[in-house]
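Report on one structure; see the data block that follows.
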Amino acid sequence: MKKRGIGIGCAWYGTGYGNGFPDVSSAFVEIHDDGSATVLTGAVDVGQGSNSIYAQIAAEELGLESQDICVYSADTDVTPDSGTTAATRQTYNTGNAVLKAVRQAKSRLLDYAAREFSCPTIEGIELKAGYIGIKGDPSRRMPLADMVFKARLHGQRLISAESSTARSTPVDLETGQGAPYWPYAFGSQMAEVEVDTETGMVSVLKVVAVHDVGKAINPTQVEAQIAGGVAQGLGYALLEELELQEGRIKNPALSSYLIPTALDVPNIEAFFVEEAEETGPFGAKGLGEPAMLPTVAAVINAIDDAVGVRITSLPATPEKILHALAVKKEELAKK
Amino acid sequence: MIEIKFVLNNKPCALNVEANERLLDVLRNRLGLMGTKEGCGEGECGACTVIIDGKTVNSCLVLAPQVDGCQITTIEGVGNRQSPHPVQKAFVQVGAVQCGFCTPGMVLSAKNLLDKNPQPNDKEIGVAMSGNLCRCTGYDKILRAVKLAAEEGKG
Amino acid sequence: MNTTVVGSRVLREDAWGKVFGQTKFPADVNLPDQIYGVVVRSPYPHARVREISITQAMEMPGVVAVLSAKDVPHNSHGVLFRDQPVLADYIRMVGDPVAVVGAETLEIARAAAKLVQVDYELMPAVFDPEEAMLPEVLPLHPELCPTNILYHMPIRRGAMDKGWALADVVIEQDYRTQHIDHAFLQPEALLAYVDERGHMVVQTATQYAHYDRGEIAHALGLRFSQVQVKTLAVGGAFGGREDISLQIIAALMALKTLRPVKMENTREESFYSHSKRHPMRMHYKTGASKDGKLVAMEAKIIGDAGAYASWSINVLRKSAVHATGPYEIPNVSIDSYAVFTNNPFSGAMRGFGAAQTVLAYESQMDLLAKELKISPLEIRLRNHFRVGSTTATGQVLTSSVPLDQCLAKIAPYLQKGEDT
């Protein structure tokens, strides 16, 4: 018989290195004569798409499009140290560093522009859609490129270097009390499974995942990151296990160490919740790790809902499920 | 050494190869076609997918002499910036690309599916893509991209 | 805040190069005159290297150099402690690198690696973390800690006796998680060479180029200013590219031979050359009052750190801090341990210690709900963190805690289809 079950998982995750370890990111920025700009940062884009996030952050701040920004990263001869691409910290932390650096380079331009526009404060100047001009007076503006070019002719150089440090303090060694991480990210997921009571096989039919991202800088990347996390969570819950014998790996191959394929992954509905994190770039916080956390729980709880057995050791293999079903049957018989 | 002739990305190609040389190594090391990736070397991951005579094949499992007389398509033979293949366009638009290591193989599997079956259903897409492993995307956007490419093909 | 580019579905610039197969991963770059490096790894989990004989390997035509521990200027690296050898003369896990062969072709390098003769003095090994914790077991890193307990983090909040007195239902259960691998699609690869400036250049895929630069410089006795780590496209990482894998070994070979050195792991080598997710044993006891409020929780978490420290301290700290789940519990006692064994070393992997505890705390929630005869959703709604909540470490969550919104979005989906 194939029995259906649903389960929920909730999780939280303190992002950043934590525990008072200096969690610093840096960025260099240069605004060019034609109004385009380059961002240099040490943050490695490991495939999750951080470079394109930085382009969006810089473009937003300069009133440009993403393709007007060149992001070059992770070359130690060229880029400043931005810490490791881990701990769900690059959108938040390096994002903050990029934003600070862009603002710093921009502030010189604003100073210059304020004088050009006879505006006594830079607060009156805005960068929008490739133009720089007076807030509230669309007739007084010029292409950003023209202003940059002028500023540079007058010896201004629109370059900057900035760092951003995440908040974190060490916890007490005896009691563990303290504020080790900031910010925290949250998420919850549901899974619907079908358990074959004859074979113990679990098919995951659906996963709905909702994650708190502060602000989705790029919704497409958010959804992709969530789906990737869910798939890894499914592998962790149902498939993957390194078999060790006296410290030797018995399955060091993708034919014996099984990760999910396109057929193992169900329809994933990925949603996000935006409640701005005030310390993040445009309110954003990280998502990378949280995306995979609730999946395991949702699946294990769904298995229990389907067939009434509690799997307490991962992965929930067919053997474990059949064994648990047999034990349950025996117990029922005794009663 | 064995002389083999084949058509590679629509161009004739002749080479002398060792009997035990893998097609993957010929493509990468001799012909400099680095778009074909090696992820496992045992035909499990699909990163080295190429199309031989209309079939997707793991080039790590093919010996070079076997392709004598064959038509081979690698990722370098599918689209470019001026005219991307609909599958390539869809992958970019949908956001099906993360680290990108599996991407060339994925694109070739999807292209070959649509060449054979321009309007596949979800199951057929899943089966066609199941020989290509991806660790980043959870496949969700990849499957959506294949669907989108199929829809674009309708018009 | 009104934004136009932020929040929009901008297409990734890098995606185009990837769909055309143009993007260069480290395996895709080569230099004229390069040699190929292959690592000789220990088949034993705990041993001393008595002697390495390279004569046979060196006699093979095409072999350029065979290097071992004695050739490494400063033979250590590590993210928290430099407790991991570049090339080992004391083995703590199967797969520890013992020697590296450099040869004109990859085939020659692989063949010659088999000819490197290593004489091992085998030592007793320990694979069970609870056994490894016993004081009589030989410590694997006496310079770091006198026993194999690398780290213990206690969390104490409230008063347990008071908490248990308030509990109408209590669930006590053991949970276990397994060793898993990152299985990123692109195995480790790199190209290392001394360039025209006399600088060491390492082109690789890493999570942290600046860290790699520091470790390469340290091990080889170079200045940071003389080492360039250039990150090419990274074929997935998930924590598995945090620690050094081949970077120093390749740079060492390049420095000794003054030839560009190409190295590329097979999938099997890859399994042995990066960290694993910590397997954990978790004992949980959780109590709730009959109105469905959590009142007390005790947890003991033992993480298998394997052979080297890597990030284990931080990982088990994260396990402890997150052990309650996103729920308010006024009385909490948690003990989290990282323990050395002769298993493959554990380190960073997506979720970083907070992934394992989810199994335990969320199972406990469902088991409690069942006892209390309320729904899994309901028990979560009654206990989840909100703005102003205090965590087990006493931290007040001051803003952006939208778990209520997440659950509200999930709720309509909590329906299942029919059995068949």
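Order of the sequence lines fixes the chain letters, A, B, ..., with proteins taken first and strands second; residue numbering starts at 1 for each chain. For the numbers below, each heavy atom of this structure counts, side chains included, while hydrogens, waters and symmetry mates do not.
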Counting only non-hydrogen atoms closer than 4.5 Å, does [X] touch chain C with its backbone (N, CA, C, O), its side chain (CB onward), both, or neither?
X      : answer
A:I300 : side chain
A:V208 : both
A:P219 : both
A:V46  : both
A:E223 : side chain
A:Q189 : backbone
A:A302 : neither
A:L173 : backbone
A:Q90  : neither
A:E192 : side chain
A:L244 : side chain

message: When you compare the side chains of C:E242 and A:T84, does any donor N or O come within less than 3.5 Å of an acceptor on the partner?
response: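 Present: a donor and an acceptor within the cut-off.
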
- prompt: Does one side chain, of A:T220 or C:R9, offer a donor that lies under 3.5 Å from an acceptor on the other?
  reply: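 Yes, because at least one side-chain N or O of A:T220 sits under 3.5 Å from a partner of the opposite role on C:R9.
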
- prompt: Could A:D172 and C:R156 be called an ion pair, given the rule that one side-chain N must be under 4.0 Å from one carboxylate O?
  reply: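 Salt bridge absent between A:D172 and C:R156.
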
- prompt: So what's closer than 4.5 Å to chain A heavy atoms on C:F385: side chain, backbone, both or neither?
  reply: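 The side chain, not the backbone.
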
query: chain A heavy atoms under 4.5 Å from C:A354: which part of the residue, side chain, backbone, both or neither?
result: both

- line: Max heavy-atom pairs within cutoff under 4.5 Å with chain C, candidates A:T76, A:I8, A:L242, A:D75, goes to A:T76

Chain C contacts, top residue of A:S82, A:P180, A:S73, A:G42 (heavy-atom pairs, under 4.5 Å): A:P180

- request: Answer yes or no: is there a donor N or O on one side and an acceptor on the other, between the side chain of C:K318 and the main chain of A:G14, under 3.5 Å?
  value: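 Judged by distance alone, yes, a pair lies under 3.5 Å.
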
